[in-house]
Amino acid sequence: MNKYKMKINIAWLKRKRDSLLKQLTGIGPFVDGSMVVVKRRCGNRNCKCYLKDEKHESYYLHYKEKGVTKAVYIPVDMEDTVRQWNDNHRKLKEIVAEVSGIDKEIIRRHVKEKRLKKGRR
Ligand SMILES: [Zn+2]
């Protein structure tokens, strides 16, 4: 563990960050929120949802706007697409958090490493 820790320096952190930034540009469309399935009857008494109690499933995207939860209906033929966009958003958040963490570490190490370099002369 110590050996690993010794290798970490600002140059290493910057390389790691740059590769994350590259991933970021390739992430594609994204949407926040979470997909929620709603089961319902359609109202037609000849439909399987009424006769066999096999309810229809529709998806909604729940999301927050200024602290208020909102929902948008997801058309059936967009379900897979929205799922993908939603996954992309999750990845995006992970990468953003990781880049922020690295940048804080760079800020933290800045002065110390500058001193080390000066001392080396
Ligand atoms: Zn039905």
Side-chain angles (χ1 to χ4, degrees):
M1 184 208 161
N2 270 340
K3 208 176 171 187
Y4 177 73
K5 237 186 167 178
M6 275 172 65
K7 278 186 185 168
I8 296 178
N9 55 29
I10 288 178
W12 184 88
L13 288 166
K14 280 183 176 170
R15 274 200 302 279
K16 185 157 173 57
R17 183 194 58 193
D18 289 349
S19 87
L20 285 166
L21 289 175
K22 258 179 218 153
Q23 285 180 46
L24 209 55
T25 60
I27 215 153
F30 51 84
V31 69
D32 67 314
S34 52
M35 284 176 75
V36 176
V37 65
V38 176
K39 294 181 180 181
R40 58 172 185 85
R41 291 196 176 96
C42 65
N44 177 358
R45 296 202 160 198
N46 295 314
C47 182
K48 61 173 185 172
C49 68
Y50 187 81
L51 299 170
K52 294 184 186 171
D53 202 33
E54 288 174 22
K55 289 177 186 160
H56 301 277
E57 294 188 344
S58 358
Y59 282 92
Y60 285 81
L61 186 73
H62 284 210
Y63 62 97
K64 282 202 171 175
E65 214 174 81
K66 290 174 184 166
V68 181
T69 303
K70 297 193 174 186
V72 58
Y73 169 73
I74 303 168
V76 177
D77 62 351
M78 277 194 87
E79 281 172 9
D80 289 339
T81 305
V82 174
R83 195 169 285 118
Q84 181 63 56
W85 291 355
N86 205 209
D87 280 349
N88 290 348
H89 187 263
R90 207 164 298 123
K91 252 180 263 162
L92 179 77
K93 276 201 304 192
E94 280 171 21
I95 296 174
V96 166
E98 220 177 321
V99 169
S100 289
I102 290 172
D103 282 342
K104 280 179 205 125
E105 195 57 33
I106 290 173
I107 297 167
R108 225 172 259 134
R109 287 167 182 266
H110 179 76
V111 173
K112 205 166 80 184
E113 241 177 75
K114 221 164 88 177
R115 268 192 211 129
L116 274 173
K117 273 180 192 158
K118 265 190 178 172
R120 240 178 246 154
R121 255 188 283 190

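Along the sequence shown, residues carry numbers from 1. Note that these values count all heavy atoms, side chains included, but never hydrogens, waters or copies made by symmetry. Note that ligands are numbered from 1 as they come in the structure, with each ligand's atoms numbered from 1 the same way.
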Review point. Is it true that the NZ or CZ of R83 lies under 6.0 Å from the centre of Y59's six-membered ring and within 45 degrees of the ring axis?
Key: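 Cation-pi check for R83 and Y59: passes.
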
Check your understanding: Could R41 and D53 be called an ion pair, given the rule that one side-chain N must be under 4.0 Å from one carboxylate O?
Key ->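 Result for this pair is yes, salt bridge flagged.
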
Check your understanding: Is it true that E57 and R40 have a side-chain N and a carboxylate O under 4.0 angstrom from each other?
Key ->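 Answer for the salt bridge query: no.
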
Check your understanding: Taking only residues two or more places apart in sequence or in another chain, which ones pass side-chain hydrogen bond (donor to acceptor under 3.5 Å, both in side chains) with E79?
Key ->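 Here no residue qualifies.
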
Review point. When you check the space around the Zn ion (ligand 1), which protein N, O or S atoms turn up under 2.8 Å?
Key: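 Atoms qualifying: C42 SG, C47 SG, C49 SG, H56 NE2.
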
Check your understanding: K91 and side chain to side chain contact (heavy atoms under 4.5 Å, CB included): which partner among L24, V96, I27?
Key ->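 Only one option passes, and that is I27.
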
Check your understanding: Less than 4.5 Å apart, any side-chain heavy atom of Y60 and any of V38?
Key ->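 Side-chain contact under 4.5 Å: yes.
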
